[in-house]
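Presented below is the structure to which this report refers.
Because only heavy atoms are used, hydrogens play no part in the values below, and waters and symmetry mates are left out as well, while side chains stay in. Here is how names work: the chains are called A, B, and so on, in the same order as the sequence lines, proteins then strands, and each is numbered from 1.
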2 protein chains.
Amino acid sequence: MRPLIHPAIEDVRPEAILHALADPARAAIFASITQAGCVQACSAVSSLGERVIPKSSLSAHFKVLREAGLIRSERHGVEMRNHSRCAEVEARFPGLLSAIMNAYAGAKGCEAAAP
Amino acid sequence: MRPLIHPAIEDVRPEAILHALADPARAAIFASITQAGCVQACSAVSSLGERVIPKSSLSAHFKVLREAGLIRSERHGVEMRNHSRCAEVEARFPGLLSAIMNAYAGAKGCEAAAP
DNA sequence: CCATTAGTTCCGAATTTCCGAACTATGGGA
DNA sequence: TCCCATAGTTCGGAAATTCGGAACTAATGG
C-alpha cells in the first residue's frame with residue numbers, strides 16, 4: 001500500500017483538474033464529496049446514476065481526483081474519508097470549480113427536459 | 001473529405017469542453033484563436049511553444065475543438081478559417097471558458113517563476 | 001496540366017482506461 | 001490470538017485513445 005499522494009496547492013495544474021472533471025462519473029463523485037459536508041466514504045458513492053462502478057474503477061477515480069489536487073483522502077480505521085479541497089483550489093483558480101459544476105448542473109437539467 | 005461537424009450550442013456537453021481543454025496544446029490553440037480576432041489559419045498556430053506539432057496531430061486537435069463546440073471552421077479557398085464560439089459557449093455555460101483560460105494563464109505565470 | 005499549399009485520412013505503435021481477480025490493511029469478535 | 005468481514009488497493013490483460021508518419025484530397029496559380 002503506497003502512501004497517498006496529495007500535491008501542494010501550488011503544484012496543482014489546470015490540465016489535471018480539467019482532465020479529472022472531464023469524466024462525468026468523477027465530476028459526480030467530486031460534487032458528492034463537496035456537497036456532503038466534505039466527507040464521504042468511497043462506497044457511499046458507488047451507485048451513481050444507474051451505473052454500477054466496480055471497486056477497482058472507483059479506486060482509480062479517487063486516485064485521479066486526489067492526484068489532481070481536488071480531494072484529500074485519509075484513512076480512519078477501515079474506511080477512507082475524502083475531503084474536498086475546493087476552497088484551496090478556488091483560491092488558486094478563482095471561479096473554476098463553480099463554473100464547471102454549474103456547467104454540469106445546467107447540462108443535466110437541459111437533457112432531462114428533452115425525452 | 002467528410003463534412004465538418006459543428007454541434008448546435010444546445011448539444012454542447014461540458015465533458016467535451018473539459019476534455020478538449022484538458023490538453024495544454026489544445027487550450028493554447030483555442031486561446032490563440034479566441035484572442036486573434038476569432039480568425040486563424042491552422043498553420044498559423046503550428047509552432048506553439050518550442051514543440052513542433054505534426055500536421056496530422058494538429059488536424060486532430062482542431063477536430064476535437066470543433067466537435068466539442070468550441071470553434072467553427074470553414075474553408076476559404078485553400079485554407080481553413082477557425083472562429084471561436086466563445087460567446088455562444090459563454091452564454092450557455094457562464095464563466096466556464098474565462099475561468100479555464102485564467103487558470104492556465106495563472107499556472108503558467110507561477111511555474112515560470114520557479115526555475 | 002503540373003506544382004504548390006493546406007489540411008484530412010489511414011494505419012500501426014505507444015499510451016491510457018477499464019474491470020475482474022487477487023491482495024493488503026484494519027477492526028471486531030470468539 | 002486467530003479468523004472473519006469490511007474497505008480499498010494493486011495486478012494484469014483486453015479495449016479504447018492518442019500520436020505521428022506517409023499517402024491522399026481539394027483548391028489555386030502558373
For nucleotides 9-15 of chain C, tabulate all protein N/O to nucleotide N/O atom pairs closer than 3.5 Å, reporting atom names and distance.
{"from": "C:dT9", "atom 1": "OP1", "to": "B:Arg2", "atom 2": "N", "distance (Å)": "3.3"}
{"from": "C:dC10", "atom 1": "OP2", "to": "B:Arg2", "atom 2": "NH2", "distance (Å)": "3.2"}

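- Legend: residues meeting side-chain hydrogen bond (donor to acceptor under 3.5 Å, both in side chains) with A:His19, ordered by chain and number and at least two apart, are absent.
- Two residues, A:Asp23 and A:Arg75, neighbour DNA chain C, and the one matched to the more 5' nucleotide by heavy-atom proximity is A:Asp23.
- As a whole-Å value, the separation of A:Glu15 CD from D:dT18 P is 16 Å.
- With distances taken from any side-chain atom of A:His61 to the nucleotides C:dC18, C:dT8, D:dG8, the minimum falls on C:dC18.
- When the side-chain nitrogen and oxygen atoms of B:His76 are compared with OP1 and OP2 of C:dT5, none of them lie within a distance under 4.0 Å.
- Closest to the A:His19 side chain, of the nucleotides C:dT17, C:dA6, C:dT8, is C:dT17.
- A:Ala60 pairs by the side-chain contact (heavy atoms from CB on, under 4.5 Å) definition with nothing, not counting sequence neighbours.
- Rounded to whole angstrom, the span from the CZ atom of B:Arg81 across to the C1' atom of C:dA6 amounts to 13 Å.
- Between the CD1 atom of B:Ile29 and the P atom of C:dG7 there is a distance of 12 Å, rounded to whole Å.
- Atom-to-atom, CG of A:Leu58 to C1' of D:dT9 comes out at 12 Å; the value is rounded to the nearest Å.
- Distance B:Ile53 CD1 to D:dT18 P: 15 Å, rounded to the nearest Å.
- Put simply, CZ on A:Phe62 is 8 Å from P on D:dT9, counting in whole angstrom units.
- Nucleotide D:dT9 holds its C1' atom 10 Å from the CG atom of A:Leu4, rounded to whole Å.
- Among the nucleotides D:dT9, C:dT26, C:dG7, the one closest to the side chain of A:Val78 is C:dT26.
- For the pair B:Asp23 and B:His61, the tightest heavy-atom approach, listed with the atom from each and the gap, is OD2-CE1, 3.6 Å.
- Linking ILVMFWY side-chain heavy atoms closer than 4.5 Å, directly or via other members, places A:Leu70 and A:Met101 in a single hydrophobic cluster.
- Applying the side-chain hydrogen bond (donor to acceptor under 3.5 Å, both in side chains) rule to pairs touching residues 64-74 of chain A yields A:Arg66-A:Ser73, A:Arg72-A:Glu88, A:Ser73-A:Asn82, A:Glu74-A:His76, sequence neighbours excluded.
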Would you mind writing out the side-chain donor-acceptor pairs for residues 93-100 of chain A within the sub-3.5 Å range, not counting sequence neighbours?
{"from": "A:Ser98", "atom 1": "OG", "to": "A:Gly95", "atom 2": "O", "distance (Å)": "3.2"}

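- Listed by chain and number, the residues in a side-chain contact (heavy atoms from CB on, under 4.5 Å) with A:Ser57 are A:Ile53, A:Pro54 (sequence neighbours excluded).
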